[in-house]
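Let me begin by presenting the structure, written as structure tokens, before commenting on it.
The structure presented is a predicted model; accordingly, all values stated were derived computationally and were not measured. Every chain is numbered from 1 and lettered A, B, ... according to where its sequence line falls, protein lines coming before strand lines.
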Protein chains: 2
Amino acid sequence: MTGQAVLGAGATAYGRSGGRPRELARAAIELALEDAGLSGADVDAAYCSYSLTGLITGQESMLGQLALEEAGIVGIPITRVENACSSGSSALREASLAIRAGACRRVLVFGVEVMSTVRTEVALRALAGAGDVDEEAPLGMTFPGHFAMIAQRHEVEFGTTPEQRASVAVKNHAHAALNPKAQHRHPVTVEQVLASPLVADPLRLLDCCPISDGAAAVVLGTDADRGRGDVRLLACELATGSYDDERPLTRFDATAVAAGLAYEHSGLGPDDISLWEMHDCFTIAEIVHTEDLGLCVKGDGGPYVASGATRLHGPKPVNVSGGLTAKGHPIGATGVGQVVELTTQLRGEAGDRQVEGARAGLAHCMGGFLHGDCGSTTISILARA
Amino acid sequence: MTGQAVLGAGATAYGRSGGRPRELARAAIELALEDAGLSGADVDAAYCSYSLTGLITGQESMLGQLALEEAGIVGIPITRVENACSSGSSALREASLAIRAGACRRVLVFGVEVMSTVRTEVALRALAGAGDVDEEAPLGMTFPGHFAMIAQRHEVEFGTTPEQRASVAVKNHAHAALNPKAQHRHPVTVEQVLASPLVADPLRLLDCCPISDGAAAVVLGTDADRGRGDVRLLACELATGSYDDERPLTRFDATAVAAGLAYEHSGLGPDDISLWEMHDCFTIAEIVHTEDLGLCVKGDGGPYVASGATRLHGPKPVNVSGGLTAKGHPIGATGVGQVVELTTQLRGEAGDRQVEGARAGLAHCMGGFLHGDCGSTTISILARA
């Protein structure tokens with residue numbers, strides 16, 4: 001049996017619940033264990049991800065230990081992994097490597113973030129800590145600024161329109177309306193997106209993912225294990241940007257590098273993938289990723305999404321969970337939550353948002369943004385055995 | 001050949017240099033690569049550790065990427081590992097697992113912290129983020145408070161004296177005086193320690209490690225590699241506390257658990273170890289660790305260190321680098337720096353502080369403190385092949 005077994009998966013609702021990070025994490029841990037039919041005594045290691053909690057609450061370290069203790073789990077090795085918005089998927093990767101190395105057999109991976117308990121300016125300042133705070137943030141090059149530049153460049157090079165970008169938000173909100181755990185469960189129209197306040201020209205409020213609280217967890221087993229629905233993690237790869245000044249702003253090489261590795265290691269190709277979860281921190285991001293992941297050729301991402309091809313019942317469903325845009329983006333939880341969504345889909349348990357006949361799914365996460373390029377990109381491929 | 005090869009090792013001086021974390025990290029990276037006779041193009045992955053940088057500078061994420069870019073290294077997978085004061089050793093463990101899993105062959109592990117650039121109160125508040133900021137820090141249970149309780153309990157149970165605790169500081173300052181890269185290179189006397197200001201009764205200023213800046217790096221290779229001096233990483237283990245209310249305050253079970261695993265996996269026993277680097281964040285900590293690691297029986301740590309047994313030329317040399325107390329404790333760098341020291345010693349290149357005939361060394365790191373117990377303890381064993 002190829003690939004490690006996803007034994008259990010669970011996530012809290014994403015939203016603005018507030019609360020203590022350790023309690024939110026505990027809720028996700030308990031859901032994942034219950035889903036796996038396991039108790040805390042059955043896992044022999046844990047990896048935890050969070051990113052902004054230190055800046056938001058002062059609890060820089062040990063949140064994983066506190067969450068495990070809340071869940072009654074003590075004495076197992078636990079390691080925090082932090083790679084900005086790809087923290088959760090990077091934690092999954094470390095868990096996968098630890099199992100492959102023979103250091104453990106059943107690993108709990110969980111991610112959490114609580115961002116709504118502070119003023120939005122404080123959360124935004126914390127988010128800027130995933131960029132270069134010395135040299136870029138003081139110039140206004142925070143995340144909306146970076147992606148606004150990408151959107152402007154994509155307009156100039158390929159003629160991508162505001163309406164095409166808006167169609168990403170429309171699609172993902174429509175998907176989120178079918179996801180009981182999504183943050184923004186109301187459909188939106190192209191007109192509503194275009195009428196929402198300008199954040200960083202040309203990106204508007206509904207082009208941007210929200211401030212979110214949430215937690216997600218999975219239990220990963222060995223190649224020899226077999227979880228309910230027999231969902232396997234076939235590959236989990238990490239790549240970083242080149243920070244090459246000559247690189248076009250409209251392409252993320254790290255996405256292609258990580259995807260190439262993930263296809264190679266999984267033995268699957270793009271045509272085998274039934275659904276994609278992509279890092280749509282902004283609508284333009286999903287358009288770029290759709291191109292970089294090969295769903296369409298470079299430059300065609302705008303018309304492609306506007307055509308409906310990436311809708312739930314289209315040929316290439318993207319972000320059927322609602323994505324970061326509408327499901328929400330609790331930073332440390334996001335990468336783990338994508339895997340929870342793929343597991344649910346591959347088991348055929350996604351209800352109204354089920355991708356029919358889903359056999360394999362790809363999760364793509366991007367963390368950090370430096371010098372016009374991403375700092376950390378992960379790609380995971382999961383499939384039914 | 002058993003054990004992964006330490007191909008290169010290097011560290012900056014520890015002290016209050018200030019400066020930008022990325023530049024300090026770059027200096028350590030360059031020293032380690034130069035020591036290994038490698039260039040940045042020769043490493044295929046990196047693990048980075050820091051803990052307080054987010055709280056101190058706002059740069060919560062991507063410091064590893066920024067440091068690598070400073071060193072001219074781009075495009076390799078990089079992951080930040082954070083486990084409070086054991087962040088560096090936890091990063092080493094992830095690197096070791098990644099190599100064992102076959103994901104990479106030559107991995108750069110580096111740790112960094114800059115703590116002196118903010119007011120001491122700010123640094124202390126950041127340090128409190130390695131405890132429970134919701135439930136314990138507001139009661140005054142920060143690190144000096146926790147270890148003061150341990151010291152008081154050790155006095156009551158075993159009759160440990162202030163003079164015996166002071167002898168740890170005296171020994172480690174004497175060692176640091178022989179280490180050109182140590183922070184506190186001046187010898188101190190028992191009288192000076194006892195006359196230093198009270199921090200948390202009964203711990204005095206010279207019982208405590210200082211606020212430090214510094215960076216350290218190692219290049220880890222596969223079992224098949226062979227670095228200069230042929231130093232091998234035989235084991236790198238992680239354990240967490242039990243948070244058991246019934247547990248005596250004067251013992252850290254996680255130290256014994258991690259050490260047991262490290263001895264088992266290395267095939268070495270305590271009698272094979274030529275020198276120990278231990279997590280002497282406070283003098284009482286070294287006394288407790290000396291007992292928990294089996295250098296003497298429980299309760300005898302005070303008289304044992306006062307006897308001189310753990311001095312440089314004693315039978316069981318402990319913290320010949322100067323330890324956290326006198327070499328310094330730049331949080332994210334500490335665990336990596338311990339391995340740099342062991343590598344230097346095992347190669348026979350430690351100059352005035354050389355442990356004669358050193359064949360094997362053990363590094364012990366403790367991260368976080370919750371509910372009277374440690375959150376994360378690592379033990380690494382290195383040896384000459």
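Of the atoms belonging to A:His265, not a single heavy atom falls under 4.5 Å from chain B. Heavy atoms of A:Ala254 lying under 4.5 Å from chain B are absent altogether. Contacts of A:Arg20 with chain B are made by side-chain atoms alone, with heavy-atom separations under 4.5 Å and no backbone atom involved. If you measure heavy-atom distances from B:Arg93 to chain A, the contacts under 4.5 Å come from the side chain alone. For A:Glu69, the part lying near chain B is the side chain, with the backbone staying farther off; criterion is any non-hydrogen pair under 4.5 Å. For a residue to count as touching a neighbouring chain, one of its non-hydrogen atoms must lie under 4.5 Å from one of that chain's; by this rule A:Leu238 touches chain B with backbone and side chain alike. Contacts between A:Asp253 and chain B at a heavy-atom distance below 4.5 Å are absent for every atom of the residue.
Highest contact tally toward chain A, considering only B:Ala239, B:Ala126, B:Ser86, B:Gly131, is held by B:Gly131 [criterion: heavy-atom pairs under 4.5 Å]. Per-residue heavy-atom pair counts under 4.5 Å with chain A were compared for B:Ala258, B:Ser61, B:Gly54, and the maximum is reached by B:Ser61. Contact count against chain B (heavy-atom pairs under 4.5 Å) is highest for A:Arg100 among A:Glu237, A:Arg100, A:Arg125. Note on A:Asp134, A:Ile76, A:Leu68: by heavy-atom pairs under 4.5 Å with chain B, the leading option is A:Asp134. When each of A:Ser96, A:Ala137, A:Ala130 is scored by its heavy-atom pairs under 4.5 Å with chain B, the top score falls to A:Ala130. Per-residue counts of heavy-atom pairs under 4.5 Å with chain B were compared for A:Ser90, A:Gly367, A:Gly75; the largest is that of A:Gly75. Most heavy-atom pairs under 4.5 Å with chain A, from the set B:Pro77, B:Ala91, B:Gly64: that is B:Pro77. Your options are A:Thr240, A:Val257, A:Val74, and the one with the most heavy-atom pairs under 4.5 Å with chain B is A:Thr240.
B:Ala98 and A:Leu97 get closest at one heavy-atom pair: CB-CD1, 4.0 Å. What you find for A:Thr79 and B:Asn83 is that their closest heavy atoms are CA-ND2, 3.6 Å.
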Stepwise, does the side-chain contact (heavy atoms from CB on, under 4.5 Å) test hold for A:Leu370 with B:Leu66?
CA-CA 8 Å; A:Leu370 304 165; B:Leu66 289 165; 3.8 Å; yes

Could you go step by step and tell me if A:Arg22 and B:Glu135 meet the side-chain contact (heavy atoms from CB on, under 4.5 Å) rule?
CA-CA 12 Å; A:Arg22 67 182 78 176; B:Glu135 297 180 359; 3.8 Å; yes

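You'll find the side chain of A:Gln65 stays beyond 4.5 Å of the side chain of B:Asp373, heavy atoms only. Side chains of A:Gln59 and B:Asp132 form a contact here, defined as non-hydrogen atoms less than 4.5 Å apart. Counting heavy atoms from C-beta on, the side chains of A:Ser376 and B:Met62 come closer than 4.5 Å. Residues B:Leu127 and A:Glu60 have side chains not in contact (no heavy-atom distance under 4.5 Å, counting atoms from C-beta outward).
By a heavy-atom distance cut of under 4.5 Å, A:Tyr47, A:Tyr50, A:Ser51 are the residues of residues 46-53 of chain A near chain B, going up by number.
Within a 6.0 Å radius of CZ in A:Arg105, no more than 12 heavy atoms belonging to other residues, nucleotides or ligands are found.
With values rounded to the nearest 0.5 angstrom, A:Glu82 atom CD is found 8.5 Å from B:Glu82 atom CD.
Judged as a ring pair (Phe, Tyr, Trp, His ring centres under 6.0 Å), and not counting sequence neighbours, the contacts of B:Phe147 are B:Phe282, B:Phe369.
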